[in-house]
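Keep in mind the model is a prediction, meaning the values are calculated, not measured. All chains are named by letter (A, B, ...) in the order of the sequence lines, taking the proteins before the strands, and each is independently numbered beginning at 1.
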Amino acid sequence: MTETTGTNHIAETPDPRARIERYAAASVEPRWQARWAELGMYRTDLHDPDRKKFYLLTMYPYPSGDIHIGHWYIITPTDAIARFHRMHGENVFLPIGFDAFGLPAENAAIKNNINPRDWTMSNIDNMRRQLRTMGATFDWEAEVVTADPDYYRWNQWFFLQFLRAGLAYRKTSPVDWCPNDGTLAREQVEGADRHCWRCGARVEKRDLAQWYLKVTNYADELLDFSGLQWPEPIKTQQTNWIGRSEGGEIVFDAAPSEHHAGGAELRVFTTRPDTLFGATFMVLAPEHPLVRELTAPDRKAEVDAYLAQAANRTEIDRLSTDREKTGVAIGSDAINPVNGERIPIFVADYVLGGYGTGAIMAVPAHDERDYAFAIRYGLPIRRVVAAPGDEERELDSAYVAHAAGERLVNSGPHTGLPADEGGVAIVGELESRGKGRAAVTYRLRDWLISRQRYWGTPIPVIYCPTDGIVPVPDDDLPVRLPDTVDYHGSGENPLNRDEAFLNVACPVCGGPARRETDTMDTFIDSSWYWYRYLSPEKSGSPIDRALVGEWTPVDQYTGGAEHAVMHLLYAREWTKMMRDVGLVEQGEPFRRLFNQGQILGLDGERMSKSRGNTVDPDDLVARYGADTVRLFLMFMGPWDQGGPWSPTGIGGVHRFLNRVWTLLLDASGREPGDPDAGMLPAGESDADARAGLRSAAHKTLRDVTADYEAFRFNTMIAKLMELANTLFRYRGTSVAGSAEWDEAIRLLLLMLAPAAPHITEELWSRRLVERGEPWVSIHAQTWPEVDPSAVVESTREIPVQVNGKLRDKVVVAADATPAEIEAAVLARDKIKAILDGRAPDRIVVAGGGKLVNLVVR
RNA sequence: GGGCGAGUGGCGGAAUGGCAGACGCGCCGGCCUUAGGAGCCGGUGCCGCGAAAGCGGCGUGGAGGUUCGACCCCUCUCUCGCCUACCA
């Protein structure tokens, strides 16, 4: 290494800057990055039996082309966590890969007339290079690229496994359809105006035959987060998304009429079976299969018009906040199973086809939506639940509260029962007659995975005129995407026109058949990639079961909270499906989850290339170095908070690193600007100073260790700055160069190493040269231990309050008893003056002597 | 409409029942410099009194409450951000 050290030639030089070499990140950082790569320092030995394993996963990036400051914000603290754990002797696995399928590649391809694969792969090359400039310790040997046939063939393989297990199925139903992206899963439709999560276009409904995964099987299990250390808001969001409701399913029969024989079963789901006697009409969703059958001939024109209008509904009133309830009567009645009453049937779009049974019994007295509808169309409102004394009171809105002592009214034989008992009794009675049962409904839907796009995993299915739906045999996998694509300048899936891809012999009968041209939702790629990291080259199976058994679930996952009900839910569902087809033992993928915040652009919006508000870190790295950028991102604020990007203040952390550099290279130097340079603070002896320094260093170590463990990087860095400031105060004094000084310097470097890996490695190596010791990387050092004896104090200063206001401070021995503290406080002149002869009514010695409060009334 | 989160100096933020404002930016003063958008030292919540040391008052969106003591816990309320959207 370099031979220069500042201590050899000291104070005569007039300009201190001429004396020591300046910190030049631009030359230091690439040199160490190359050295680490050369030594393979971060290649993980997945088979090491001795060390405790630590699987640290960070959400893999989409290869949009450029790494921006937001990527750094996610990755560099994650890297610090990895380095911190390595210094604790753990075998850390920190892989990286690319989420390489998806629409932006296709859009770029159409726009620039290039192949999506070429576009994606060249972006990945660029991003690999940029990622390396961070100094992050990724194990590049484990890299996964999802657009690689060696990866996506296993998506196909999983699909076939799930198909065999009954977890995948094909169904024709109204699906959410985006004009650009084709089919969307329910959670990929956002907002009141129902726009596409990816492109923002308005989403329509279309009837299509599509592939689904049966994730609703897992609804209850997904509500169970026991054993997971996940942030509460994410658990809440997932719980709300799954949306479990308990209630009853009740069977109404269609009443006979001139146009219908009656008897058709109309099932409704309700969470309020206790209000069944209050049902005064019934509402079917526009998609309900019995709408057409039950519509009276004289109502047909109006109903048809309404159904057509409902299909376009989102366009009509996309911005209206309180949507008017609309609907039309279909000219048939239903029979209420509890009292035989005939109630009219309506079709209205406030009832959703996809939730519950797509039909409701309307109880306007006790449901706000039903109330609004009844008022608008002049339908009867009958109160059936009332709090004591309210029985006769007129309703001016739906009564939905749950007041104590509520009882059923107007409910036939159940009148007078407490409401909750009444509900149970009604369901029980219906059940005995085969007209109802207790039921649970979920908001969660099955996962619609078909996408009408080229750039994704082909769904491995063949349609044969004679044999129907035929799975592609495992041996024929992967079904490869053709390399040459011709978009004809449109977004239509080019696979539909690719005769070579389309035409295939049926695996069963050998006759001519056609391939499925839909591809899979790219969230499938991200639902298992961390298992593949453990064996990216494995060819005979998707995962290495021994390694997966040993290394997963992932110990720590870091990434953004925006995937709360998408990726993070799909990942849990997929692992459960893998478990159920016998591939993994566990049912949960990630033990501990941390959601870092998001860095927003200067416009306050989420950074994205399409918005054009990304911040390129390359300029900052060129000017200050990667360590400064890393440290600045960690210092900005709490990691889970994020915030708008502003480089204001980056000079502060850069100055800090320069000061650390100076402390190492020029401990004895003195600054001309300091009038007290070279002198100990007034009244402090050399021994005091040395003991104080040692104490400060060990207290810092204690606190910094806790901050790393809790991912509190901002306060961690603040404490290191404080220690550096303390050291700087003693620079050039008799303390500099003492054993205590040396220990403090050593601790400072070790504590800083995970966050600022390059400068600490450089300074560490120079320190070793100076001491004549052989080189060992600082990143291979063991995390130091706090010396408890160094952090104990002989005295302590206790704040003294009078009636809760700070008035004085008193210094007592560290082991002073409460009585001694009390006596010391009362002996203070200032306290005597404030008390003015009065005796305190009460003396609170709080927190084991942390504070004293005198109460005077 | 519902859910989650957050409101603290000029700014980023610290302190989760015990000295509010750590650390950093910015600003002010000084040193050093041919020079400084470099470096170093000191100061810096607001208001008042004081030459100063210092003293006093106010202060964590607002209003109440619990407590010896509240940025922190409770109730109500306002503002902002994110998520969600008629879920029977």
*Asks:* Counting only Watson-Crick pairs (N1-N3 plus N6-O4 or O6-N4) and G-U wobbles (N1-O2, O6-N3), all under 3.5 Å, who is the partner of B:C86?
*Replies:*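 Checking every strand shown, B:C86 finds no partner, since no pair has both distances under 3.5 Å.
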*Asks:* Identify whether the glycosidic angle of B:G9 places it syn (within 90° of 0) or anti.
*Replies:*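 It is syn.
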*Asks:* What's the gap between B:G69 and B:C58 when it is taken at their P atoms, as a whole Å value?
*Replies:*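 The answer is 16 Å between these two P atoms.
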*Asks:* What residues form a side chain to side chain contact (heavy atoms under 4.5 Å, CB included) with A:Ala374, not counting sequence neighbours?
*Replies:*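 A:Ala374: side chain to side chain contact (heavy atoms under 4.5 Å, CB included) contacts with A:Phe281, A:Pro364, A:Leu379, A:Ile381.
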*Asks:* Does a side-chain N or O from A:Arg807 land closer than 4.0 Å to OP1 or OP2 of B:G57, or not?
*Replies:*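 Yes, such a contact exists.
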*Asks:* B:C41 C1' sits how many Å from A:Met679 CE, rounded?
*Replies:*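 Taking CE of A:Met679 and C1' of B:C41, I get 12 Å after rounding.
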*Asks:* Give the intermediate values and the outcome of ring-ring contact (aromatic ring centres under 6.0 Å, His included) for residues A:Phe346 and A:Phe373.
*Replies:* CA-CA 10 Å; A:Phe346 287 77; A:Phe373 193 86; 5.3 Å; yes
*Asks:* Quick one: side chain to side chain contact (heavy atoms under 4.5 Å, CB included) partners of A:Ile834, sequence neighbours excluded?
*Replies:*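 Result, side chain to side chain contact (heavy atoms under 4.5 Å, CB included) vs A:Ile834: A:Val802, A:Arg807, A:Lys830.
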*Asks:* Return no unless some side-chain N or O of A:Arg712 is found under 4.0 Å from OP1 or OP2 of B:A15.
*Replies:*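 So the side chain of A:Arg712 is outside the cut-off, no N or O lying under 4.0 Å from OP1 or OP2 of B:A15.
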*Asks:* If the P atom of B:C82 is compared with that of B:C72, how far apart are they to the nearest Å?
*Replies:*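 One P to the other, the span is 26 Å.
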*Asks:* On RNA chain B, nearest-nucleotide positions of A:Val351 versus A:Phe728: which is more 5'?
*Replies:*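 The answer here is A:Phe728.
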*Asks:* Can you list, in residue-number order, the parts of residues 278-288 of chain A that come under 4.0 Å of RNA chain B, counting heavy atoms only?
*Replies:*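 Close to the strand, none.
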*Asks:* Taking salt bridge (charged side-chain N to carboxylate O under 4.0 Å, His left out) as the cut-off, I'd like each qualifying pair that reaches into residues 236-247 of chain A, sequence neighbours left out, listed once.
*Replies:*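 Sorted pair list: A:Asp220-A:Arg244, A:Arg244-A:Glu246.
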*Asks:* C1' atom, B:U77 versus B:A22: distance in rounded Å?
*Replies:*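 32 Å, rounded to whole Å.
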*Asks:* When rounded to the nearest Å, what value does the distance between C1' atoms of B:C78 and B:G64 take?
*Replies:*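 Taking atom C1' in both B:C78 and B:G64, they lie 15 Å apart.
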*Asks:* Checking A:Arg376 now: which residues fulfil side-chain hydrogen bond (donor to acceptor under 3.5 Å, both in side chains) with it, not counting sequence neighbours?
*Replies:*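 Applying side-chain hydrogen bond (donor to acceptor under 3.5 Å, both in side chains) to A:Arg376 gives A:Glu324.
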*Asks:* Pick the nucleotide of RNA chain B nearest each of A:Ile834 and A:Asp367; which residue has the one closer to the 5' end?
*Replies:*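 Upstream on the strand: A:Ile834.
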*Asks:* Name all residues meeting the side chain to side chain contact (heavy atoms under 4.5 Å, CB included) criterion together with A:Asp627; count only those two or more places apart in sequence or in a different chain, and write none if there are none.
*Replies:*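 A:Tyr23, A:Glu29, A:Arg630, A:Leu657, A:Ala756, A:Pro757, A:His758, A:Ile759.
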*Asks:* Going by salt bridge (charged side-chain N to carboxylate O under 4.0 Å, His left out), name the residues that satisfy it together with A:Arg272, two or more places apart in sequence or in a different chain.
*Replies:*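 For A:Arg272 the salt bridge (charged side-chain N to carboxylate O under 4.0 Å, His left out) partners, ignoring immediate neighbours, are A:Asp274.
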*Asks:* Would you measure the distance from the P atom in B:G7 across to the matching atom in B:G50 and give it in whole Å?
*Replies:*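 These two P atoms come out 39 Å apart once rounded.
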*Asks:* So, OP1 or OP2 of B:C87: does either fall under 4.0 Å of a side-chain N or O from A:Tyr442?
*Replies:*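 No, no such contact exists.
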*Asks:* Which value, in whole Å, describes the distance between the P atoms of nucleotides B:A52 and B:C47?
*Replies:*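 Approximately 15 Å lies between the P atom of B:A52 and that of B:C47.
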*Asks:* Reckon A:Lys235 touches a base, only the sugar-phosphate, or nothing at all at heavy-atom distances under 4.0 Å?
*Replies:*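 No contact at all - A:Lys235 keeps every heavy atom at 4.0 Å or more from the nucleic acid.
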*Asks:* Say we look at B:A6 and B:U60: how far apart would their C1' atoms be, to the nearest angstrom?
*Replies:*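 13 Å, rounded to whole Å.
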*Asks:* Pairing check on B:C71: which nucleotide meets the Watson-Crick or G-U wobble criteria with it, both distances under 3.5 Å?
*Replies:*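 Checking every strand shown, B:C71 finds no partner, since no pair has both distances under 3.5 Å.
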*Asks:* Indicate whether OP1 or OP2 belonging to B:A22 is found under 4.0 Å from a side-chain N or O atom of A:Thr715.
*Replies:*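 False: A:Thr715 side-chain N/O out of range (4.0 Å or more) of B:A22 OP1/OP2.
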*Asks:* Can you identify which nucleotide, out of B:C19, B:A85, B:A88, has its nearest atom closest to the A:Trp241 side chain?
*Replies:*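 Looking only at side-chain atoms, A:Trp241 lies closest to B:A85.
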*Asks:* Please pick, from B:A20, B:C55, B:A88, the nucleotide with the shortest atom-to-atom distance to any side-chain atom of A:Leu806.
*Replies:*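 Closest nucleotide to the A:Leu806 side chain: B:A20.
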*Asks:* Any salt bridge (charged side-chain N to carboxylate O under 4.0 Å, His left out) pairs touching residues 703-725 of chain A, not counting sequence neighbours?
*Replies:*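 Residue pairs with at least one partner in residues 703-725 of chain A: A:Asp707-A:Arg712, A:Asp707-A:Lys719.
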*Asks:* Kindly indicate whether the side chain of A:Val660, heavy atoms from C-beta on, has any atom under 4.5 Å from the side chain of A:Arg655.
*Replies:*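 When only atoms from C-beta onward are counted, A:Arg655 and A:Val660 do not touch, as no gap falls below 4.5 Å.
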*Asks:* Taking the inter-plane angle between the rings of A:Phe225 and A:Trp230 on a 0 to 90° scale, is it parallel (under 30°), tilted (30 to 60°) or perpendicular (over 60°)?
*Replies:*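 The rings of A:Phe225 and A:Trp230 sit tilted, inter-plane angle from 30° to 60°.
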*Asks:* Output one line per pair: protein atom, nucleotide atom from nucleotides 1-9 of chain B, and distance, for all N/O pairs under 3.5 Å.
*Replies:*
| from | atom 1 | to | atom 2 | distance (Å) |
| --- | --- | --- | --- | --- |
| B:G3 | O2' | A:Asn240 | ND2 | 3.4 |

*Asks:* Checking A:Arg443 side chain against A:Trp241 main chain: does a donor-acceptor pair fall under 3.5 Å?
*Replies:*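 Yes; at least one donor-acceptor contact below 3.5 Å.
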*Asks:* Could you go over nucleotides 23-25 of chain B and give all protein N or O partners under 3.5 Å, atom names and distances?
*Replies:*
| from | atom 1 | to | atom 2 | distance (Å) |
| --- | --- | --- | --- | --- |
| B:G24 | OP1 | A:Asn725 | ND2 | 3.0 |
| B:C25 | OP1 | A:Arg655 | NH1 | 2.2 |

*Asks:* For the residue pair A:Ser245 and A:Tyr355, confirm or rule out a side-chain donor-acceptor distance under 3.5 Å.
*Replies:*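 On atom types as modelled, these side chains qualify, holding a pair under 3.5 Å.
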*Asks:* For a quick check, with a 4.0 angstrom heavy-atom cut-off, what is the B/S/- contact string for nucleotides 64-71 of chain B, read 5' to 3'?
*Replies:* ----BS--
*Asks:* Which atom pairs, donor and acceptor, lie under 3.5 Å between side-chain atoms of residues 641-653 of chain A and protein residues at least two apart or in another chain?
*Replies:*
| from | atom 1 | to | atom 2 | distance (Å) |
| --- | --- | --- | --- | --- |
| A:Ser646 | OG | A:Thr648 | N | 3.2 |
| A:Ser646 | OG | A:Thr648 | OG1 | 2.9 |

*Asks:* For nucleotides B:U67 and B:A53, find the distance between their P atoms and express it as a whole number of Å.
*Replies:*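 The answer is 41 Å between these two P atoms.
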*Asks:* Measure from the side-chain N and O atoms of A:Arg383 to the backbone N and O of A:Val385, and report whether any donor-acceptor pair falls under 3.5 Å.
*Replies:*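 Checked: pair present.
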*Asks:* State whether A:Arg659 places a side-chain N or O below 4.0 Å from either non-bridging phosphate oxygen (OP1 or OP2) of B:C40.
*Replies:*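 Looking at the OP1 and OP2 atoms of B:C40, one of them is under 4.0 Å from a side-chain N or O of A:Arg659.
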*Asks:* Quick one: does A:Ile426's side chain get under 4.5 Å of A:Val338's, heavy atoms only?
*Replies:*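 Contact flag for A:Ile426/A:Val338 side chains = yes.
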